[in-house]
Amino acid sequence: MKNFTLPRYFVFLLAILVASCDTNLDMSSIQHTPKLVVNSFVNSDDYFSVQVSSTIPINDTNPPKMIENAIVTVNDGATTATLTYDLSVQKYLATFKPIPGKVYTIRVESGNFSTASGTLTIPNRVVSAKSTWKDKTGFDSLGFETGTLTCHIADPASDRNYYEINLYRFDDFTQEWLIMPPNTTDPFLNENGIKTDIGGLLIDDRSFNGSSKQFDFITSYGSAGIQYKYLVEVRSLSDDYYRYLQSLANYKAQGGIFSDPSPVYSNITNGRGICAGAAIQKDTIQ
């Protein structure tokens, strides 16, 4: 299965670069002090990884270059591991997978830059009922039959929890998973769901804390009589991850020629970027 997760660190860097595009600035009055940009999005299914670049002046049209010779370490409170740079993915990789509930501290040193650091925690995995799909549950505006894709979240009562719901269908021609628009008639999702940069939905558990919640989405039945194969991904997000995705959505919604862009959330000390964790439940439905 192809990797269908888009590189959100590029979205973060782009937001930094264009944050002042709608305001005329006197560039000569701006003093740019380069800082490290540290981005680490991790989950318990994959090896720990960190990407490092640097901030650039807002009038620089060239994309930021990845820094390949930094010293990147991760400490879990007991041991410290030094990550190795992998040119093929342009990231520093560890040989271990992070454990839910542990606090990890990332530290990055490079040349004359100030040492940057950040912390993250992966939430505990939420074990919910398996997602399901039913065909012929309705009709679209053109009279074609539609189906219903249902996902469940069994929300723990002990904490404030945040979730990202992503829906995919498998394309037999391209042999890859394609993001699906989260079409729904659910009043809660339509009122409270925030669309993410990859086309999913961002929600929190304020209205269903400690209970099981069902979410229904409208799907096409198929193409030329062939039933689609679906994938439902529910991510339990750390607080920092939620705030980062929420800030990206706000940035896109508030940007305009007569408005000041909303700042993109960062939790990096002496730098910019984001360190955040997620626990993932995936259900594949034929």
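Values below: every heavy atom of this structure, side chains too, minus hydrogens, waters and symmetry copies.
Atom CD of Q246 sits about 11.0 Å away from atom CG of L237, to the nearest 0.5 Å. To the nearest 0.5 Å, atoms CZ (F113) and NZ (K35) are separated by 11.5 Å. Note that the CG atom of L149 and the CG atom of L167 stand 5.5 Å from one another [nearest 0.5 Å]. To the nearest 0.5 Å, atoms OG1 (T115) and CD (E109) are separated by 4.5 Å. A distance of 8.5 Å separates CG in L231 from CD1 in I285, rounded to the nearest 0.5 Å. With rounding to the nearest 0.5 angstrom, the OG atom of S117 is 11.5 Å from the CG atom of N75.
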Side chain to side chain contact (heavy atoms under 4.5 Å, CB included) between D155 and S212, intermediate numbers included: CA-CA 6 Å; D155 183 71; S212 295; over 6 Å; no
Side chain to side chain donor-acceptor pair (under 3.5 Å) evaluation trace for R125 with S44: CA-CA 9 Å; R125 189 186 302 272; S44 56; 3.2 Å; yes
Working for side chain to side chain contact (heavy atoms under 4.5 Å, CB included), residues E164 and Y242: CA-CA 8 Å; E164 179 186 10; Y242 177 83; over 6 Å; no
Check against side chain to side chain donor-acceptor pair (under 3.5 Å), N270 and S114: CA-CA 6 Å; N270 293 329; S114 298; 5.5 Å; no
Side chain to side chain contact (heavy atoms under 4.5 Å, CB included) evaluation trace for L36 with S110: CA-CA 8 Å; L36 290 173; S110 179; 4.1 Å; yes
Derivation and outcome, side chain to side chain contact (heavy atoms under 4.5 Å, CB included), residues Y162 and D239: CA-CA 7 Å; Y162 309 94; D239 177 78; 3.3 Å; yes
Check against side chain to side chain donor-acceptor pair (under 3.5 Å), T219 and W133: CA-CA 9 Å; T219 68; W133 180 78; 2.7 Å; yes
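In the hydrophobic cluster analysis, where Ile, Leu, Val, Met, Phe, Trp and Tyr join through side-chain heavy atoms closer than 4.5 angstrom, I99 is grouped together with I122. Follow the hydrophobic side-chain contacts under 4.5 Å out from F48 and you reach L87 in the same cluster. Residues F144 and I218 fall into different hydrophobic clusters, defined by Ile, Leu, Val, Met, Phe, Trp and Tyr side chains chained together at heavy-atom separations under 4.5 Å. Note: the hydrophobic cluster containing L245 does not contain I280 (ILVMFWY, side chain heavy atoms under 4.5 Å, direct or indirect links). Note on V38 and Y47: separate hydrophobic clusters, where clusters join Ile, Leu, Val, Met, Phe, Trp and Tyr whose side-chain heavy atoms are under 4.5 Å apart, directly or indirectly.
A parallel orientation is assigned to the rings of F96 and Y104, their planes being inclined by less than 30° (bins at 30° and 60°). Using cut-offs of 30° and 60° for the angle between ring planes, the Y244 and F41 rings count as tilted.
S40 and V50 get closest at one heavy-atom pair: OG-CG2, 3.9 Å. Across all their heavy atoms, T196 and N166 have their closest contact at OG1-OD1, 4.4 Å. In this structure, S236 and V126 approach most closely via the heavy-atom pair OG-CG2, 3.4 Å. Contact detail for I268 and A116: the closest heavy-atom pair is CG2-CB, 3.9 Å. Residue S211 comes nearest to F208 through the heavy atom pair OG-O, 2.8 Å, listed as atom of the first residue, atom of the second, then distance. Nearest heavy atom pair, residue N124 against residue P100, reads OD1-CB, 3.7 Å.
Side chain of N190 to backbone of T184: a donor-acceptor contact under 3.5 angstrom is found. A distance-only check finds a donor-acceptor pair linking the side chain of S238 to the backbone of Y241 [under 3.5 Å]. Using a distance-only test at 3.5 Å, with no hydrogens or angles considered, a donor-acceptor pair links the side chain of Q51 to the main chain of Q90. Without hydrogens or angle criteria, S128 side chain to A154 main chain gives a donor-acceptor distance under 3.5 Å. Remark: side-chain polar atoms of T146 are paired, donor with acceptor, to backbone N or O of G138 under 3.5 angstrom. Of the possible polar contacts, one joining the S247 side chain to the Y265 backbone as a donor-acceptor pair under 3.5 Å is found. Proximity of a side-chain donor or acceptor of N267 to a complementary backbone N or O of C275 within less than 3.5 Å is detected.
A salt bridge is defined here as a Lys NZ or Arg NE, NH1 or NH2 lying under 4.0 Å from an Asp or Glu carboxylate O, and D171 with K229 fails to meet this definition. Using a 4.0 Å cut-off between charged nitrogen and carboxylate oxygen, D205 and R160 count as a salt-bridge pair. In summary, K102 and D76 engage in a salt bridge, as defined by a charged side-chain N under 4.0 Å from a carboxylate O.
Using a 4.5 Å heavy-atom cutoff, the side chains of R272 and S266 are in contact. Two residues are said to be in side-chain contact when any heavy atoms from C-beta on lie closer than 4.5 Å; Q281 and E233 fail this criterion. A 4.5 Å side-chain heavy-atom check between I106 and T73 finds every atom pair outside the cut-off. Side-chain contact between L201 and Y163 is absent, with no heavy atoms from C-beta onward closer than 4.5 Å. N250 has its side chain out of reach of I194: every pair of non-hydrogen atoms, C-beta onward, lies at least 4.5 Å apart. Side chains of I165 and C151 form a contact here, defined as non-hydrogen atoms less than 4.5 Å apart. By the 4.5 Å heavy-atom criterion applied to side chains, N161 and P156 are counted as neighbours. Within the 4.5 Å cutoff, the side chain of Y230 has no heavy atoms near those of the T284 side chain.
Taking the six-membered ring for Trp and the full ring otherwise, Y92 and Y85 have centroids separated by under 6.0 Å.
Other residues, nucleotides and ligands contribute over 12 non-hydrogen atoms within 6.0 Å of the CZ atom of F188. Within 6.0 Å of the NZ atom in K134, the count of heavy atoms belonging to other residues, nucleotides or ligands does not exceed 12. Heavy atoms from other residues, nucleotides or ligands lying under 6.0 Å from NZ of K213 number more than 12.
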